[in-house]
Amino acid sequence: MSLRNVGIVYRKELTEALRDRRTVISTILVPLLLFPVLSVGFGTLAVALVGKAEEEVPKVMLRGGADSPAIVDGLKKLDKIQIVPEAADWKDEIINKEIRAAVEIPIGFEADVAQQKAETVKIYDYDGDLKSDLAAKKVDKFIQQYRDKVVKDRLAAKNLPETMLTPFEVKQENVAPPEKVSGAAIGGIIGYMVILLCMTGAMYPAMDLTAGEKERGTMETILSSPISRTHLVLGKFSLILTAALGTAVLSVLSMGVSFNVLAHYTSKSEGGRAAAAGMLLQLGPKTVISVFLMAVPIAVLFSAVLMTIALFAKTYKEAQSYLTPMTFVVIIPAIAAMLPGVELTSKLALIPILGTSLLCKELVAGTYHWNLIAQIFTFNCVYAAVALFLAVKMFQRESVLFRS
Amino acid sequence: MIEARSLSKRFQDKKRGEIRAVDNVSFTCQPGKIYGLLGANGAGKTTTLRMLATILEPTDGTAIICGHDVVEQPEKVRANVGFLSTATALYRRLTAQEFVEYFGRLNGLDEPTLKKRVDTIFDRLDMNGFRDRRCDKLSTGMMQKTSIARTLVHDPAVMIFDEPTNGLDIMTARTITAFIRECRNNGKTVIFSTHIMSEVEKLCDTIGIIQSGKLLAEGTLPELRDKYAEHDLEEIFVKVVTPHYVPEEKN
């Protein structure tokens, strides 16, 4: 094994890669810009839209209530909603977003309540529409308060304490530290992004260094030099691995900066503070190093597999058609890891991408199951070694190198 | 020196079954001489030369180049060989100098030796005007010179040219033929394949005629003329490769 020769090939491939616009875009620019655009861009937009929706005074239609002045007056006095007169096509008005919600007070509501008869106040809204949901919540809050007041009055009339109805309180309290809470909530995304970006970072160089080289006619040139094919494939593989890991490193750095910028921006507003706390991941050096150590064998696996498949292709386009479906092979288990209730077990740990994705989720949350870490790392190393061995073998096959 | 011993190469084709691209070919090329492998398209020239350059491995037989076996010691063989064809392209994102240096390093040259070699070759081929220009910005002539520089950087004893002038304009082709002659004059063993008769007549000391993977005739041009009773090389070639030869009608 001559590391000198591997290094010569690697240096040359790196020089070429850094001069290639497509590689620079896919390996450096996309990971650097993706998260600021996704998080800061969309995050800021989402915060702004929610803020705007909260500021709006929604139109709410009042249906009935002519014989119930107290509740109607209460609703009209709410400064956060605008009560509009009843109309026959009220449902259409909600659907067409001319009004945000409607509240229906049954006939004889207050008299029935006074006689302690069961009554139902109905609130109509447009499910999934943010502004309609906010309007319905405002009305619901007022109705709840009105009901509580009725209950209090009834208890007071019978000289009964309020604790008659609520003999004890139930309080739910979080004991998990903030990094574990945020890790559990969005830790899965980190693993998913690292794995996916390792793949996308490796994809372009894998095609360029194999099928691209065949297409440009330089494969025969390099094969006529004294370098052994094993050294040649290892040099090329090292560059693909660098691109895979480089993309993942830049992505996580970009993600960290983006989250902090977003947290800083949103914490200025009252509503955004809670969201910012949830978004702020506690990515300490230990977590970052752990995630990357686990990502290395996966990156080796991707680099070797992508290179082997791309080498089989005669042209860059043909390689693209082989590698594009590979993205789904990676995305499906990575997404499965983000599903609620899917937790890391020793059986799931054996599935290459799923196991690593689940482990990254745990690592980001600050949980270290050392036996599973060792198991996943070992198996991924074995998978990666097999893939690399196949890549080297593939480079020895004339039928692949000179496929026509 | 090149010594091909019963070189054979078979390929498997899904439709056509086994294809004998090269079938039991033996010949010898001496230092300071040019061996011309003459054949039609698909005759087996490129496969033969690729086996000599160890880009392909023989199915049977072998070749000894500068004392090294192409099957047993392919890397040592390649270290003694300069291989040039129209299919050996340049790395377009490297400059001419970086390209030549890359192959110098792969051939094991240390940095001081490499620098001297590159400077000498660039002076000799008049390449200093474009040494820092990227290969994708070079003209065809400049590209050919850069390819020549790549084959020379490690000063190999054996030069293999596979249809080196194919598709080139006359001026660029002349640069290549002049370079082939220079290699012979410098005592290198030269083998080159072509289907252009005039090139063979001008350059070759020994001619091998190959058809369907078999070496059908071999000798110097006068020897072939005597043997086949024809003066024109094209007529000799047709006579050799056509089983039922009919002479060309002369007006």
Side-chain angles (χ1 to χ4, degrees), chain A residues 1-24 204-205 208-236 239 314-316 393 395-404, chain B residues 9-14 21 46-47 49-59 68 73-95 98-99 101-110 114 134-136 143 146-147 150-151 153-154 156 160 162:
Chain A
M1 170 68 65
S2 164
L3 284 177
R4 180 185 178 270
N5 282 347
V6 176
I8 291 168
V9 174
Y10 176 75
R11 273 215 318 272
K12 173 260 169 191
E13 298 295 1
L14 185 64
T15 307
E16 278 213 288
L18 291 173
R19 287 177 189 170
D20 179 36
R21 203 183 308 142
R22 285 183 292 184
T23 305
V24 171
Y204 179 72
D208 191 54
L209 268 59
T210 52
E213 186 142 3
K214 276 189 194 176
E215 195 173 10
R216 293 190 293 271
T218 48
M219 191 62 95
E220 194 164 327
T221 315
I222 189 65
L223 292 178
S224 70
S225 79
I227 189 170
S228 76
R229 290 185 187 172
T230 305
H231 293 157
L232 180 63
V233 70
L234 289 178
K236 285 176 176 292
L239 189 273
K314 283 179 285 187
T315 62
Y316 186 85
K393 282 282 153 201
F395 238 88
Q396 318 275 357
R397 290 184 61 180
E398 289 169 3
S399 57
V400 173
L401 289 175
F402 297 98
R403 191 172 148 247
S404 58
Chain B
K9 184 71 182 177
R10 295 188 296 273
F11 295 110
Q12 285 299 326
D13 186 87
K14 279 180 188 168
T46 296
T47 307
L49 296 192
R50 279 180 173 176
M51 284 192 284
L52 294 179
T54 76
I55 293 169
L56 294 177
E57 195 178 335
T59 316
H68 303 293
Q73 302 157 298
E75 284 145 35
K76 284 186 177 167
V77 169
R78 288 199 294 274
N80 285 285
V81 165
F83 180 74
L84 182 72
S85 82
T86 41
T88 48
L90 310 179
Y91 288 111
R92 57 189 188 173
R93 293 175 215 136
L94 297 185
T95 65
E98 285 169 341
F99 178 76
E101 283 175 347
Y102 176 50
F103 282 87
R105 289 190 186 101
L106 290 178
N107 276 286
L109 299 183
D110 58 60
L114 178 63
R134 273 173 54 152
C135 291
D136 56 359
M143 283 184 185
T146 309
S147 283
R150 190 257 305 162
T151 60
V153 69
H154 56 300
I160 300 173
D162 181 22

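Within every chain, numbering begins at 1; the chains are lettered A, B, ... in the order of the sequence lines, protein sequences first and strands thereafter.
Atom-to-atom distance recorded for A:Ile8:CD1 and B:Phe103:CZ is 11.5 Å, nearest 0.5 angstrom. Once rounded to the nearest 0.5 Å, the distance linking OG1 of B:Thr88 with CD1 of A:Ile222 reads 12.0 Å. With values rounded to the nearest 0.5 angstrom, A:Asn5 atom CG is found 8.5 Å from B:Glu75 atom CD. Here the CD1-CZ distance, from A:Ile227 to B:Arg105, works out to 13.0 Å after rounding to the nearest 0.5 Å. If you take CG on B:Leu106 and CZ on A:Arg4, they are separated by 8.0 Å, rounding to the nearest 0.5 Å.
For chain B, the nearby parts of A:Glu16 are the backbone and the side chain; heavy atoms of each come within less than 4.5 Å. If you measure heavy-atom distances from B:Ser85 to chain A, the contacts under 4.5 Å come from the side chain alone. Neither the backbone nor the side chain of A:Leu401 comes within contact range of chain B; no heavy atom of the residue lies under 4.5 Å from a heavy atom of that chain. Within the 4.5 angstrom heavy-atom criterion, no atom of B:Ile160 approaches chain A. Using a 4.5 Å cut-off between heavy atoms, B:Glu57 contacts chain A through both its backbone and its side chain. Within the 4.5 angstrom heavy-atom criterion, only side-chain atoms of B:Arg50, from C-beta onward, approach chain A.
The shortest side-chain heavy-atom distance between B:Tyr102 and A:Val9 falls under the 4.5 Å cut-off. For the pair B:Tyr91 and A:Thr15, the minimum side-chain heavy-atom distance is 4.5 Å or more. B:Lys9 is listed as a side-chain neighbour of A:Glu398, based on a closest heavy-atom distance under 4.5 Å. Inter-residue side-chain proximity for B:Arg134 and A:Arg19 is flagged as met; some heavy-atom pair is nearer than 4.5 Å.
Between the side chain of B:Arg78 and the backbone N or O of A:Ser225 there is at least one donor-acceptor pair closer than 3.5 Å.
Remark: A:Arg229 engages no residue in a salt bridge (charged side-chain N to carboxylate O under 4.0 Å, His left out) (not counting sequence neighbours).
Note on B:Leu94, B:Asn80, B:Leu84: by heavy-atom pairs under 4.5 Å with chain A, the leading option is B:Leu94. Residue with the most contacts toward chain A among B:Gly108, B:Pro74, B:Ser147: B:Gly108 (heavy-atom pairs, distance under 4.5 Å). By number of non-hydrogen pairs under 4.5 angstrom with chain B, the leading residue of A:Arg216, A:Glu213, A:Lys12, A:Met219 is A:Lys12.
The two residues B:Ile55 and A:Ser224 come nearest to each other via the heavy atoms CD1-CB, 4.0 Å. Annotation for A:Pro226 and B:Asn107: closest pair CG-OD1, 2.8 Å, computed over non-hydrogen atoms.
Sparse packing is recorded around CZ of A:Arg397, with 12 or fewer heavy atoms of other residues, nucleotides or ligands lying under 6.0 Å away.
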